[in-house]
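Fair warning: this is a prediction, and the values are worked out from it, not measured in the lab.
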Amino acid sequence: MTRILPAALAVLMLCVSAVLAQDAPSSPIQALLQEHRALLEKSSRKTIQPAIDALRDSGLPEAQDVLEKWQAKELWQRKDDKLFFFAEKIDSKTYALADIATGEAVGEIPKKGLNQLKPNSGVRSMIGAALVQFQLMADDPAKRIEALDAIQRDPAPEHLTALQGAIGNDPDAAIRARKERLVRLLTISYGSDEADRIAAIESFKGDLGVDARAALNPLLATSRKAAASLPDGINLARRLSPGSEELSEAEAYDLLVSSDLAPARISAADKRAALQENIVEGRVGRVPLAQLDSEAARETAYRALAEAGIVPASIGEAEIAGAIDAHVFFDQYAEASPALTSAAATTLATINSSVGVNQVLDLTLDALSLASIYFLAAIGLAITFGVMGVINMAHGEFIMMGAYTGYVVQQVIPDYTVSILVALPLAFAVTFAAGVAMERLVIRWLYNRPLETLLATFGISIALQQLAKNIFGTQARPLTSPAWLDGALVLNDVVSISYIRIAIFVLALIFLGVFLFIMRRTRLGLEVRAVTQNPRMAASMGINPDRINMLTFGLGSGIAGIAGVAIGLYAKVTSELGSDYIVQSFMTVVVGGVGNIWGTLLGATMIGFLQKGIEWLNPSNTLAAQTYMIIFIIIFIQFRPRGIIALKGRAAGD
């Protein structure tokens, strides 16, 4: 037995030595971790950076995997030999180890034989910053873009070095350009060389990106301060004069108090509480209670308490004025370098100028898009009103009928592109027929009787609205645009316009061309112009004015139906849809000039720009924009009652 025991111990020692020799830090990545073992075991945010940097800059192919496992708390250390492994839980007491260099299994071990590396949130954030470099150089462009998105959301000083090292070898020009832009943005905030930071700032002159303004604005952040004299060596933004619009005297003294440069004011409530707390034998500061019925007496009593050191001394106006006069007030930049703040201010000035120009362009596009909508809504009214002199208050309901026609078509044809192509001619046919029926049944009996025509069409308008409510209900119905009209055309961070509005603008131009072709190249157009100029003479030449009036009213109503489909693509389709545009339609026709298509176009443009301009000046009150616009139109008509382009010929005198 005495011979067997030493032999067994010797064999056991040989086995342990073999295992230890097998698991020694033979791989470069294991050797690197062993070199920084003390830092990894402590895992403190203040001391861990050298270990993270060593892994990031090692160039070892396993470094990224080790960092990811460490960040995910899946890096373990074996207690007996201090080597590092990846570990996977088998059961509550046993883990399977994997080599950090090859990923191959190296055996099983009880949990009590391992230490888990548990980096806190701060260390995990630092590891994440190091991993960015690997993600920025990934083969998959989607991963590189994902890394750039992450940097843009939460930039950090560590990202600057990673980005600088990942620019040159990127094969994608767009991603490379984005990396270069991010480098310049991060250089503004985290660059170590002032000249580089100034160059990065100046590179964004006139840039419209929101990210550029977000990087520059912190450089011009200021803090308001007070001092006995202006300190030396500060980056002064401006000196302030107490009593000015920038700094009132009350604000100046409050700043002194908050800076511990002056005693705080004693409020009336505090004085009253102090007097109540210091009543002794019916007196307060030698003043009998019966005499404390005036402000002067209470002030005398409080002053007596202050002289006795019982309460803080009261601050009078003279003391406040003296304290303010004895100090200087100023705004100080948080950025210490005057060169940086000067460059940032200059660059932001150019950016603001570019933003202003592009805001005008954006407002112009909005106004043109609104003008195209008003033109589509008013073109049919211009035809009926100009040729026939009929004030059709139900014109808006023809717009509503066209929108509901588009909605019904989409219930039958689920393909939105096909349904819109079908809805446009069908809406024209439906509203053309409705217009002809209205002209035959009502309007033809009321020619040259404007008041009766207005009342009759107004009644028809109410009836059509109620009919729509009975059929479709009061809830808004969706008229969905095709997928290719989703989104917007984005020119830059300031200027954009939706594809639906572009389509409506194009549709308005198409209708302008179609209308001009009909009026100038067809027999119907010739007859319409003849009836417009002189209906009696046209009748004597064999033209039937009654038929022309019917077709003209139907044409105007049909165009209103097509306008309804276009408007319904971005507006709510309800029974009140038409009433939202009837006023603007009449204003467009009257301002442009009755009976003239070019006048209608100019009138729609004028009203669209006017409304958008007023809304831009007063964006919080859209009702005010409508009111001001109507007032302007009334004034305009006083000076040009026949509109921008007055009707010529004999009809002009009717």
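Judged by distance alone, the side chain of S354 and the main-chain N or O of L208 form no donor-acceptor pair under 3.5 Å. Between the side chain of T350 and the backbone N or O of T347, at least one donor-acceptor pair lies under 3.5 Å. Of the possible polar contacts, none joining the N358 side chain to the V494 backbone as a donor-acceptor pair under 3.5 Å is found.
In this structure, K205 and I351 have side chains that are not in contact, with every pair of non-hydrogen atoms separated by 4.5 Å or more. F398 places a side-chain heavy atom less than 4.5 Å from the side chain of N392.
Side-chain contact of Y374 with Q611: a donor-acceptor pair under 3.5 Å is present, judged by distance alone.
Ion pairing between a basic and an acidic side chain is recognised when a charged N comes within 4.0 Å of a carboxylate O; R184 and E202 show no such pairing. A salt bridge is absent between E146 and K143: the closest approach of a Lys/Arg side-chain nitrogen to an acidic carboxylate oxygen does not fall below 4.0 angstrom.
Under the rule for a side chain to side chain contact (heavy atoms under 4.5 Å, CB included), the partners of E576 that lie at least two apart in sequence or sit in another chain are Q465, K469, T574, S579. Here F428 pairs with F432 under the ring-ring contact (aromatic ring centres under 6.0 Å, His included) rule; sequence neighbours left out. Applying the side-chain hydrogen bond (donor to acceptor under 3.5 Å, both in side chains) criterion to R501, with sequence neighbours excluded, gives S369. For the ring-ring contact (aromatic ring centres under 6.0 Å, His included) test, residues two or more places apart in sequence or in another chain that qualify with Y404 are F472. Looking at residues two or more places apart in sequence or on another chain, you find no side-chain hydrogen bond (donor to acceptor under 3.5 Å, both in side chains) involving D140.
Among I391, I443, V442, the single residue meeting the side-chain contact (heavy atoms from CB on, under 4.5 Å) criterion with T457 is I443.
A distance of 7.5 Å separates CG of L370 from OG of S372, quoted to the nearest 0.5 Å. The structure places CG of D207 at 8.5 Å from CZ of R213, a figure rounded to the nearest 0.5 Å. Atom CD1 in I198 sits 12.5 Å away from atom OG1 in T187 (nearest 0.5 Å). Here I633 contributes atom CD1 and L610 contributes atom CG; the two are 6.0 Å apart, rounded to the nearest 0.5 Å.
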Let me have the donor-acceptor pairs involving side chains of residues 502-518, under 3.5 Å, with sequence neighbours excluded, atom names and distances please.
none

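The number of heavy-atom neighbours closer than 6.0 Å to CD of Q475, taken from other residues, nucleotides and ligands shown, is 12 or below. Heavy-atom contacts from other residues, nucleotides or ligands closer than 6.0 Å to OH of Y447 number more than 12.
A215 and L185 get closest at one heavy-atom pair: CB-CD2, 3.9 Å.
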### Task
Just do the salt bridge (Lys or Arg N to Asp or Glu O under 4.0 Å) check on R178 and D149 with the steps written out, would you?
CA-CA 10 Å; R178 189 175 174 192; D149 291 339; 2.5 Å; yes
